[in-house]
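First the proteins, then the strands, lettered A, B, ... as listed; each starts at 1.
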Amino acid sequence: MKIIFQKLKFFVLCIYKQTFFIFDKHFFNYILIMRPTVYIKDLSQHVGKEVILKGWLYNKRSSGKLKFLILRDGTGYVQCVVFKGNVSEEIFESAEKLTQESSFEVKGKVREEKRAVGGFELDVIDLKIISIAHEYPITPKEHGIEFLIDNRHLWVRSKKQVAILKIRHRIIKAIRDFFDQRGFVLFDPPIITPNACEGTSTLFEMDYFDLGKAYLTQSGQLYAESGAMALGKVYTFGPTFRAEKSKTRRHLTEFWMVEPEMAFYNLDDDMDLAEEFIEYIIQTVLKEMKEELKELERDTTNLEKVVRPFPRISYSEAVEILKRKGVDFQWGNDLGGTDETFIGEEFDRPVMIHRYPAEVKAFYMKRDPENPKVALAVDVIAPEGYGEIIGGSQREDDLDALLFRIKEHNLPQSFFEWYLDLRRYGSVPHAGFGLGLERTVSWICGLDHLREAIPFPRMIYRNTP
RNA sequence: UCCGCGGUAGCUCAAUGGCAGAGCAUGCGGCUGUUAACCGCAGGGUUGUAGGUUCGAGCCCUACCCGCGGAGCCA
């Protein structure tokens, strides 16, 4: 504001009804300065008062001398009523000029109005156009997914997308609150890594100066183990990358994952934490994001059932369920997406499947002392067909056993020397898991595709906008 | 990588092998309570690309490009 005053000597400052006006020397144009700032979500506190709102035109309807402007400001939507008898000719024409998504500020009196969406309405006294929008591509009619994704930078303005993104934000906050309240320390792993973490997935490769190839991380877990040995309980939370040419609604090439890692935890402790974690996320979102879930028309009856304890079955029991359902399944194979859906259907809340055949799981998972054929691993399958949202395990803490696994998987031992050091210097039993953020968002919001669960999805055939 | 489906106006979609159309959006006009408002008028097209069959192709055939859905892999 200082700059404006210095540059424009001939401007006059006026204060009228809590609003500052700066007029130019002809008293022709003026700039409104909001005092106080009012957002649509707070309108209930201003009933009967004059306020100034700033935002964008979501939709417009008119009826002769009456215009209905639906304003959105990111916090909500409100219908602004412009009646020709209440405003100057100039203001009425301004309202006429507004196109979809034009930005403007509007001054008016707040009124409770049952007929309007949101329950409040603004009787417009003054209106100032900030910028007239060009013809907006996303019309109030339906669009195809290709077009919407092409226009993702604009699509995020749409009601459902706003609701999803707000729920995503709340889930992230719930995740952080959960761990922070339980003595976990955030421990950020590197994004650029010298080797494949689990040795199997295809990674995004890059040239790293004179050091040869480097890769985008597919998991922060190995680094988190280092953190757990330093800080006891840690969690990582960041983007991870998979170059797999997956082409399904359950996959992105770039996605966010939260990975807690705890010293002195065994598999049972790990499962206890995982179910408490999921319950916390779901119940928090149900309690605090009612409006957004309603906007998404999400039937929350199934989500409400997500309370501890969750059913825990072994992989072998899962195979029995599949066989009982008539699925041709061989003990030893990994569970596919459809298998998971079949098993998920058996329960009304997330199901934990533990003790998988060691051969289908990663090298760092500890074998079950009571049955060396299985690893102390656990996957949590979300209901309603949303599939695996958590994968975790107790880690191999014995140096010799881990060395054997690395050789068995043909992994280059030199890359894992630092990881082996964690077993050389005060090894302890420890465990952890990873939760896929977008799958969680997708499940809670009832989405049919992961691409709507992240602002800018990265998929095999798309890296724009 | 494999299997299936699709590509027509800015968008969503129609169109027996026979004049390329509608709704929304845009522009102009009308309406004092609209809720994806409504009513009237107008502009808007190299039917993904390249070949082929045919008197005639948006439609049939071939190749390619792009996208969507699924499988595998995984969170």
Practice item. Look at all strands and tell whether A:I390 reaches a base, only sugar-phosphate, or nothing, counting heavy atoms closer than 4.0 Å. Key: sugar-phosphate
Check your understanding: Taking the six-membered ring where the residue is Trp, are the ring centres of A:F416 and A:Y364 under 6.0 Å apart?
Key -> no
Practice item. May I ask you to check whether A:F179 and A:F277 place their ring centres under 6.0 Å from each other? Key: yes
Review point. Hey, does A:E438 reach any base, or is it just sugar-phosphate, or nothing, if we go heavy atoms under 4.0 Å?
Key: nothing
Point to revise | Passing option when A:F147 is tested against A:N151, A:I145, A:D150 for side chain to side chain contact (heavy atoms under 4.5 Å, CB included) | key: A:N151
Review point. Taking the six-membered ring for Trp, are A:Y315 and A:W331 parallel (under 30°), tilted (30 to 60°) or perpendicular (over 60°)?
Key: perpendicular
Point to revise | Toward the 5' end of RNA chain B, by each residue's nearest nucleotide, A:F255 or A:K97 | key: A:K97
Check your understanding: Hey, does A:K247 reach any base, or is it just sugar-phosphate, or nothing, if we go heavy atoms under 4.0 Å?
Key -> base
Practice item. Could you tell me whether A:D334 contacts a base, only the sugar-phosphate backbone, or nothing, with contacts defined as non-hydrogen atoms closer than 4.0 Å? Key: sugar-phosphate
Practice item. Assert yes or no for the condition that the ring centre distance of A:Y136 to A:W56 is strictly below 6.0 Å. Key: no
Practice item. Would you verify whether the NZ or CZ of A:K325 falls within 45 degrees of the ring axis of A:F342 while also being under 6.0 Å from that six-membered ring's centre? Key: no
Review point. A:M459 has an atom CE; how far is it from atom C1' of B:C68, in whole Å?
Key: 10 Å
Exercise for review: Just call it for A:H134: base, sugar-phosphate, or nothing, with non-hydrogen atoms closer than 4.0 Å on any strand.
Suggested key: nothing
Review point. Could you give the CD1-to-C1' distance, from A:I460 to B:C74, as a whole number of Å?
Key: 14 Å
Close N/O contacts between protein and nucleotides 37-39 of chain B (under 3.5 Å):
| unit_1 | atom_1 | unit_2 | atom_2 | d |
| --- | --- | --- | --- | --- |
| B:A37 | OP1 | A:N59 | OD1 | 3.4 |
| B:A37 | OP1 | A:N59 | ND2 | 3.0 |
| B:A37 | OP2 | A:N59 | ND2 | 2.2 |
| B:A37 | OP2 | A:R61 | NH1 | 2.2 |
| B:A37 | O5' | A:R61 | NH1 | 3.4 |
| B:A37 | N6 | A:S62 | O | 2.5 |

Exercise for review: Tell me whether the guanidinium CZ or amine NZ of A:R182 lies under 6.0 angstrom from the six-membered ring centre of A:F178 and within 45° of its axis.
Suggested key: yes
**Study point:** Positive for side chain to side chain donor-acceptor pair (under 3.5 Å) with A:R312, one of A:H354, A:E317, A:E275
**Key:** A:E275
Check your understanding: Using Watson-Crick and G-U wobble pairs with both distances under 3.5 Å, what is the 5'-to-3' dot-bracket string of RNA chain B, with [ ] for crossing pairs and | for pairs outside the strand?
Key -> (((((((..((((....[..)))).(((((.......))))).....(((((..]....))))))))))))....
Point to revise | 5'-most by nearest nucleotide on RNA chain B - A:E96 or A:E113 | key: A:E96
Point to revise | Any A:Q79 side-chain heavy atom under 4.5 Å of A:R61 side chain | key: yes
Study note, to complete from the structure: Looking only at heavy atoms, the pair that brings A:Q100 and A:I138 closest together is NE2-O, 3.0 Å
Check your understanding: How long is the span from the SG atom in A:C445 to the CD atom in A:E292, to the nearest 0.5 Å?
Key -> 9.5 Å
Practice item. Take A:T300 and A:E304 through the test side-chain hydrogen bond (donor to acceptor under 3.5 Å, both in side chains) and record every step on the way to the result. Key: CA-CA 6 Å; A:T300 57; A:E304 279 153 21; 3.0 Å; yes
Point to revise | Length of the line joining A:E340:CD and B:C73:P, which is rounded to integer Å | key: 11 Å
**Study point:** Nearest-angstrom distance from the residue atom CG of A:L98 to P of B:G27
**Key:** 11 Å
Review point. Roughly how far apart, to the nearest Å, are B:C65 and B:G43 at atom P?
Key: 40 Å
Practice item. Have a look at A:I70 and say if it touches a base, only the backbone sugar-phosphate, or nothing, with a 4.0 Å heavy-atom cut-off. Key: nothing
Practice item. Assign a letter to each nucleotide of nucleotides 8-14 of chain B from its 5' end: B, base within under 4.0 Å of a protein heavy atom; S, sugar-phosphate only; -, no contact. Key: --BSS--
Exercise for review: Check the distance between B:C73's C1' and A:N333's CG and give it to me in whole angstrom.
Suggested key: 14 Å
Practice item. Report which part of the nucleic acid A:E259 touches: base, sugar-phosphate, or nothing (heavy-atom distance under 4.0 Å, all strands). Key: nothing
Point to revise | Rounded distance in Å - CD (A:Q218) to P (B:A75) | key: 8 Å
**Study point:** Value in whole Å for how far the P atom of B:C24 lies from CG of A:N151
**Key:** 21 Å
Point to revise | Length of the CD-P vector between A:Q100 and B:A25, whole Å | key: 8 Å
